[in-house]
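Accompanying notes for the structure given below.
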Amino acid sequence: MTAITYTLPDERGHFGAYGGRYVPETLMQAVLELEMEYKKAMADPSFQRSLQGLLKDYVGRETPLYFAKNLTEHLKGAKIYLKREDLNHTGAHKINNSLGQALLAERMGKRKVVAETGAGQHGVATATACALLGLECMIYMGAEDIRRQQLNVFRMELLGAKVISVNSGSATLKDAVNEALRYWVTNVEDTHYILGSVMGPHPFPMIVRDFQSVIGYETRKQFIEKEGKLPEAVVACIGGGSNAMGMFYPFIKDETVRLFGVEAAGLGIDTYKHAASMTKGKPGILHGALMYLLQDGNGQIQEAHSISAGLDYPGVGPEHSHLKDIGRVQYESIKDEEALEALKLLCQLEGIIPALESSHAIAYALKLAPTMNRDDGVVICLSGRGDKDVETVRARLGGNK
Amino acid sequence: MTRIHKVMQELKNNNGKAFVPYIMAGDGGLQTLPERITFLEKAGATAIEIGIPFSDPVADGPVIQQAGLRALENDTTLKAVIQTIGEIRPIVHIPLIIMTYMNPILAYGIPKFIEDSFRAGVDGLILPDLPVEEEDVIAGHADKAGIEIIRLVSLTSPLERIHKIANRGNGFLYAVTVNGITGVRQGFNDQLLQHLKKVKHISNLPVLAGFGISSSTHVQEIIQYCDGVIVGSKIIELFNQGDLEGIVELISAVKTV
């Protein structure tokens, strides 16, 4: 089990063997500067005040930790709590990071921001933060995702962002990251890259984790207030892994709390249509970091597949990769249809439409909770709301469900 | 003396300048690789940079991306490229340098990759996503085998850092001439020429400039500030158009300064 002194990443940005800064030399100065500026900002009370103020009054934190009584009674197992990140401004946890990094960009004197987006949640959150702070915003998005998420594209444009369609490769999230990186290499002197997950070169996995760890810190405090103890289990979904890392990080040292990361098994992990990088991938280097990756035997990156665009990424952040190897987090996978069933169940029992991403975490908790004692507690990170997915769900379930 | 060191020394002695073309292995089928290598040697190339296709080449612009995709459609693998280099090596005298992103090497296995490259007669490696901070994973193996890691410096590298990178030694220093990715460009600004001067001043190694160099005019403009040029996207375009004369002409631009 993990030592009580968990202090990763090390000074070179490594989490055990994973992470690092595998980027073109042109970006090295920018990532070194970013690391320095980030450390200064975090130690600066006025930066902290601005961030905390916005998280409270603009984002609407803290978010509730809600006891899902009906779901608990339905499953007859552990008490289920939902961490309501879906109630954040813009409807998901992504804003915690976008806002933090936009403030950082402003502090560094960089008035232009570039970001990638898959489903559009990170793009919308970043466009929002940029509108608020008056920063110029460019969002790269795969042509395939643009087609699937028309409404989010319009949202970003309404917020003043320029959305650029990416046609290279598979025209999805990984290609959008490639293009955003290429744009950043070309415009590094006046542009900050707001990466949306706990991936990419150091210091991004650390920065995104830290900005998202507000999820876990609040949850830990709220759970103790309600139950007088720590939960026995915490469950979160994983694409790149930002909501999970933010949720898990404050619990890593609590050895009694079991942590579960749930990836997308798509049509099944024995098909080629899944996004289960932990279960089926191997360590490799993509987008600046060493991490678990879906790849062929020659090191070519494979396309990921999931009903949920936010989990549709062929890698999992370096810190998760490390936590898997040391056994601190257990990684599981959930199929498209299981996630859809979980989504329906939460709608019917609790009156909450969860995002398809979050539905993967719920689906795993449906299996886990009944195996636990009635006085145990399990927290599910409800990372986003499902409004954006209603069209996808309708297409799959048919209008009469 | 390594092959790279030797050709650079010869150029220096004769006041010559280097021209290193980049080609994408497997673009047009792997069977074209030997003929392209021998053609380029005959056309006067100082060394040849052989690109390995990768699904996600973040340092490359559209021309090399497309070439990589074509090569992958032809099922080009790192293993097959190394094998092909081994077959052609006995009749090629100039240095052959592999340029690849790290992941194909990781998948191959670093020690095995170095061993097979050494056997095939690979002289150097250019690894665009491996800054000096991370190179420990491979540098030791490469050094032992006498395969030279060619390091890049950029317009954004502070002078101190350029100094540190140049001091690590090996064949030559690769000076990236634009903030950006590979590809065809219009021209260079004064800031670049000043930067090249500084790099040249700091470095004990020969300095070759690359990224965005795409015409004889570019070559002649930039060559006064460095020891040679690396040209990729334009060479790929010319091969694709079957314009072999254009390639000969471009290479000879370094000789007519």
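Chain letters run A, B, ... following the sequence lines, proteins first and then strands; every chain starts at 1.
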In this structure, CD1 of B/I85 is separated from CG of B/D116 (nearest 0.5 Å) by 11.5 Å
Top contributor to chain B contacts, counting heavy-atom pairs under 4.5 Å, from A/G288, A/A30, A/G284: A/G284
For chain A, the option from B/Q66, B/M102, B/R161, B/K79 that forms the most heavy-atom pairs under 4.5 Å: B/R161
Partner chain B: residue of A/L181, A/L286, A/L293, A/I285 with the largest heavy-atom pair count (under 4.5 Å): A/I285
Contact check, side chains of B/F172 and B/I150, non-hydrogen atoms, under 4.5 Å: yes
Only pairs of heavy atoms separated by less than 4.5 Å count here; which of B/P158, B/S55, B/S157 has the most with chain A? B/S55
Toward chain A, the part of B/L72 with a non-hydrogen atom under 4.5 Å: side chain
Under 4.0 Å between a side-chain nitrogen and a carboxylate oxygen: does that hold for B/R70 and B/E73? no
Among A/E189, A/Q300, A/Q29, who wins on heavy-atom pairs under 4.5 Å with chain B? A/Q300
At a 4.5 Å cut-off on heavy atoms, which part of B/L106 comes close to chain A: side chain, backbone, both, or neither? side chain
Heavy-atom pairs under 4.5 Å with chain A are the metric here; pick the option from B/P53, B/A59, B/P57 that has the most. B/P57
Any salt bridge linking A/E37 with A/K110? Criterion: basic side-chain nitrogen under 4.0 Å from a carboxylate oxygen. no
Check each atom of B/V176 against the heavy atoms of chain A and say whether the ones under 4.5 Å are side chain, backbone, both or neither. side chain
Before accepting this row, confirm whether a basic side-chain N of the pair B/K112/B/E115 lies closer than 4.0 Å to the acidic partner's carboxylate O. no
Pair A/Y331 and A/H320, ring centroids less than 6.0 Å apart: yes
Check ion pair A/K39-A/E35 (N to O, under 4.0 angstrom): yes
Heavy-atom pair count under 4.5 Å with chain A, highest-scoring of B/T156, B/D56, B/I165: B/D56
Donor on one side chain, acceptor on other, B/D60 and B/T182, under 3.5 Å: yes
Side chain, backbone, both or neither: which part of B/E133 has an atom under 4.5 Å from a heavy atom of chain A? both
Report which part of B/Y108 has an atom under 4.5 Å of a heavy atom belonging to chain A: side chain, backbone, both, or neither. neither
B/P104, part contacting chain A, at a heavy-atom distance under 4.5 Å: both
From the list A/Q295, A/H287, A/M28, the residue making the most non-hydrogen contacts under 4.5 Å with chain B is A/M28
For A/E116 and A/Y193, test the side chains for any donor-to-acceptor distance below 3.5 angstrom and give the result as yes or no. yes
